[in-house]
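What follows is a single structure, written as structure tokens, with notes after it.
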Amino acid sequence: MREEISDVPSKLYHLFSFAKDGEIPLSINAATLLIRCFGRAKMLEESIAVFNALDPESRNTNVVNLLLDCLFRGGNTDDGFKVLDEMLERESSFPPNESTMDIVLSAIWKRNWVGRRMSVEEICGLVVRFFENGVFLDDVWLTKLITNFCRSGKSNKAWDLLHDMMRLGGQAEAVSFNALLSGLGRERDFENMNLLMNEMKEKEIKPDVVTFGILINHLCKSYKVDEAMQWRQEEGFKLMEKMRLESGYEPNTVTYNCLIDGFCKAGEIERSYELFDQMKKCGVVPNVITLNTLLDGMCKHGRVNSGIELFAEMQGKGVKGNAITYTILITSFCSVNNIDKAMKLFNEMSENGCFPDAKVYYSLILGLCQARRTNDASCVASKAKEAGFGLDIICYNALIGGFCRKNKIDEAHNMLRDMEEAGIKPDRYTYNTLISYFSQKEQFATAHRVMKRMIDDGYLPNVVTYGALIHAYCLSGNVDEAMKIFQNMSSSTNVPPNTVIYNTLIDALCKSDKVEAGISLLGDMKDKGVRPNTITYNAIFKGLQERNWVEKAFEIMDQMTENACNPDYITMEVLTQWLSAIGETEKLRSFLEGYEVSTSTA
DNA sequence: GTAGGGTTAG
């Protein structure tokens with residue numbers, strides 16, 4: 001075997017046959033060498049023959065492992081599992097060891113069996129039998145399995161795997177806990193994340209910088225959905241300090257990226273930028289994710305130009321943008337209706353070595369639809385298909401919505417057919433888009449038919465569905481019917497009205513000279529913990545202007561300030577016209593004073 | 001462990 005001669009395996013096989021004919025017993029070492037050699041040469045039959053020629057008394061776990069490996073590699077999995085089964089039996093002559101586990105898992109992994117030919121449950125059952133034999137997973141395998149189970153939506157099985165192993169005497173380290181923590185985090189299962197953190201403490205498993213990263217990220221992203229949005233980025237920030245002091249881990253690029261994103265998502269761009277400066281000062285190198293995170297935060301908060309400057313600055317420092325960078329910019333320019341710039345970026349990106357992926361195409365299609373350039377969107381959609389990116393449900397919905405808004409119901413129908421041919425089923429968004437269209441066309445019967453199909457498809461009407469109906473009834477002048485739906489939402493459905501619903505109704509009431517009712521709904525919002533926004537106040541101000549009800553307007557202006565709600569150009573237009581016409585410029589001035597910074601950015 | 005596109009409101 002050590003000589004460099006040709007066709008070693010077949011020569012060795014001749015030698016083996018010769019020895020066998022001569023009834024020379026095969027030693028375990030010789031058998032091991034032969035099986036390994038034949039195994040590598042994919043000579044399954046020969047491997048088995050050697051194994052069979054071996055005196056059963058001299059067989060050991062090692063040689064059975066080799067056989068097992070040959071069987072799996074040779075694709076003879078049925079026999080492989082039979083051999084394994086014997087090994088795993090109680091009082092087995094060849095008890096499994098770490099190599100056995102490795103061979104089996106490698107076979108399962110390589111053939112992409114997880115979740116396909118072998119279910120997560122089956123793998124769990126198999127691995128637990130190893131545990132019962134005192135053979136445990138190493139960190140790498142345990143982490144791999146936990147990650148994979150979580151990604152297949154079976155984080156409960158990942159949980160069991162980790163706990164079964166520890167219960168039966170195995171040791172796990174932070175990496176495996178991290179994998180499970182991140183899986184649980186993805187499902188927003190904070191309760192079990194906390195349990196797991198406590199277990200780490202009890203078992204004195206020291207959390208590492210990744211553990212802290214996971215926690216910081218989830219703190220930054222956690223917010224209450226039902227009530228006022230409240231991010232916990234401050235807690236994330238404090239946790240970073242705690243990590244530094246108590247564990248001695250220095251925050252790294254990922255730690256900072258998570259925090260920067262947390263503050264960006266909470267609209268605190270200044271703090272994000274401070275963190276960006278801090279990381280640079282501390283010698284933590286920003287990467288393309290840092291760039292994209294900050295850029296997205298800036299763009300989404302109306303600072304596209306600062307964002308572009310940041311991009312240029314980072315490029316100067318060697319951080320190249322990627323497809324995600326361009327997606328952010330394209331989306332941002334589309335959202336301010338600067339389609340030319342968005343198209344230009346799309347065409348430029350390839351020159352900068354960033355080739356558009358599916359999502360770049362999708363963002364452009366969406367942006368064009370939102371900017372009511374549905375035909376252009378359709379062209380880009382064709383280009384995307386040519387580039388090999390089939391449209392997804394979000395694109396189809398955008399195009400359907402775009403054609404509906406343009407009153408091109410035939411085109412919308414074509415898209416629906418296209419979508420069906422591509423094997424994509426309508427979802428909640430599709431149905432809501434169609435319901436919105438038909439009800440605005442006062443085709444309420446059709447809208448209700450669509451709604452019925454939506455329910456049959458398993459989608460209960462949600463706040464958007466009701467919002468579309470309420471809006472349509474308001475538009476058709478039937479505010480009473482709209483109010484009926486609104487009241488029905490609270491009493492008969494489990495769908496609490498949101499800001500959009502209130503805004504729709506308040507606007508309609510104010511426009512039909514029922515400003516008192518509008519103000520009463522504003523009070524209702526406060527009671528229900530639904531935050532009014534600029535649109536809410538604008539509607540009320542317009543209603544009050546009609547009545548020239550100045551005192552009430554002053555009251556509401558104070559409320560708006562208290563709620564830290566920024567006026568926009570419409571607020572300014574209404575109030576400036578009205579209040580200066582009646583000589584109340586002093587109140588206007590003091591109202592705007594509190595907003596100096598924010599109005600200038602607006 | 002970190003980054004990108006969606007339906008309803010003025």
Side-chain angles (χ1 to χ4, degrees), chain A residues 175 178-179 181-183 185-186 208-218 220-221 252-262 264-265 287-297 299-300 321-332 334-335 357-367 369-370 392-401 404 427-437 439-440 462-472 474-475 497-508 510-511 533-542 568-571 574:
Chain A
V175 269
N178 291 346
L181 278 172
S182 103
R186 217 172 294 130
D208 62 13
V209 68
V210 176
T211 319
F212 281 103
I214 295 167
L215 297 179
I216 289 171
N217 184 40
H218 285 289
C220 287
K221 301 262 160 69
N252 58 21
T253 307
V254 181
T255 322
Y256 276 106
N257 289 349
C258 293
L259 277 171
I260 289 173
D261 196 37
C264 277
K265 295 270 186 318
N287 60 13
V288 64
I289 299 181
T290 322
L291 162 66
N292 290 342
T293 307
L294 254 180
L295 182 65
D296 190 53
C299 287
K300 289 214 163 68
N322 59 17
I324 298 181
T325 319
Y326 284 95
T327 311
I328 294 167
L329 289 171
I330 288 170
T331 303
S332 173
C334 285
S335 77
D357 64 7
K359 284 202 176 181
V360 177
Y361 279 99
Y362 298 167
S363 66
L364 191 55
I365 294 169
L366 253 62
C369 287
Q370 281 158 353
D392 69 356
I393 182 72
I394 302 180
C395 289
Y396 278 113
N397 286 342
L399 287 161
I400 291 164
C404 283
D427 70 357
R428 200 184 287 274
Y429 291 79
T430 326
Y431 286 118
N432 283 339
T433 303
L434 294 171
I435 290 167
S436 169
Y437 169 79
S439 50
Q440 281 193 35
N462 65 1
V463 69
V464 179
T465 321
Y466 292 117
L469 290 172
I470 287 173
H471 182 221
C474 286
L475 283 179
N498 64 7
T499 306
V500 177
I501 303 276
Y502 278 103
N503 288 353
T504 312
L505 288 165
I506 290 174
D507 187 58
C510 288
K511 277 181 180 154
N533 61 17
T534 313
I535 298 177
T536 325
Y537 289 111
N538 289 348
I540 302 256
F541 287 138
K542 281 183 187 169
D568 64 4
Y569 70 100
I570 295 181
T571 328
V574 174

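FYI, side chains are in, hydrogens and waters are out, and symmetry mates aren't considered; it's all heavy atoms of this structure. So you know, we letter chains A, B, ... as the sequences are listed, proteins then strands, and number each from 1.
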Base, sugar-phosphate, or nothing for [X], non-hydrogen atoms under 4.0 angstrom?
{"X": "A:Thr465", "answer": "nothing"}
{"X": "A:Ala323", "answer": "base"}
{"X": "A:Asn217", "answer": "sugar-phosphate"}
{"X": "A:Ile394", "answer": "base"}
{"X": "A:Cys369", "answer": "nothing"}
{"X": "A:Thr504", "answer": "sugar-phosphate"}
{"X": "A:Asp208", "answer": "nothing"}

Just to verify, what does [X] make a side-chain hydrogen bond (donor to acceptor under 3.5 Å, both in side chains) with, not counting sequence neighbours?
{"X": "A:Thr571", "answer": "A:Asn538, A:Asp568"}
{"X": "A:Asp427", "answer": "A:Asn397, A:Thr430"}
{"X": "A:Thr293", "answer": "none"}

Inset, instruction - Check every nucleotide of DNA chain B for an atom under 4.0 Å from a heavy-atom of chain A, then give the first and the last such nucleotide from 5' to 3'. - result: B:dG1 to B:dG10
Legend entry - Partner set under side-chain contact (heavy atoms from CB on, under 4.5 Å) for A:Lys511, not counting sequence neighbours: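 A:Lys511: side-chain contact (heavy atoms from CB on, under 4.5 Å) contacts with A:Asp507.
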Inset, instruction - Before giving the answer on side chain to side chain donor-acceptor pair (under 3.5 Å), spell out for A:Asn217 and A:Asp261 the whole-Å C-alpha distance, their side-chain angles and the decisive distance to 0.1 Å. - result: CA-CA 8 Å; A:Asn217 184 40; A:Asp261 196 37; over 6 Å; no
Inset, instruction - State which residues pass ring-ring contact (aromatic ring centres under 6.0 Å, His included) with A:Tyr502; sequence neighbours excluded, sorted by chain then number. - result: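 Listed in chain order: A:Phe486.
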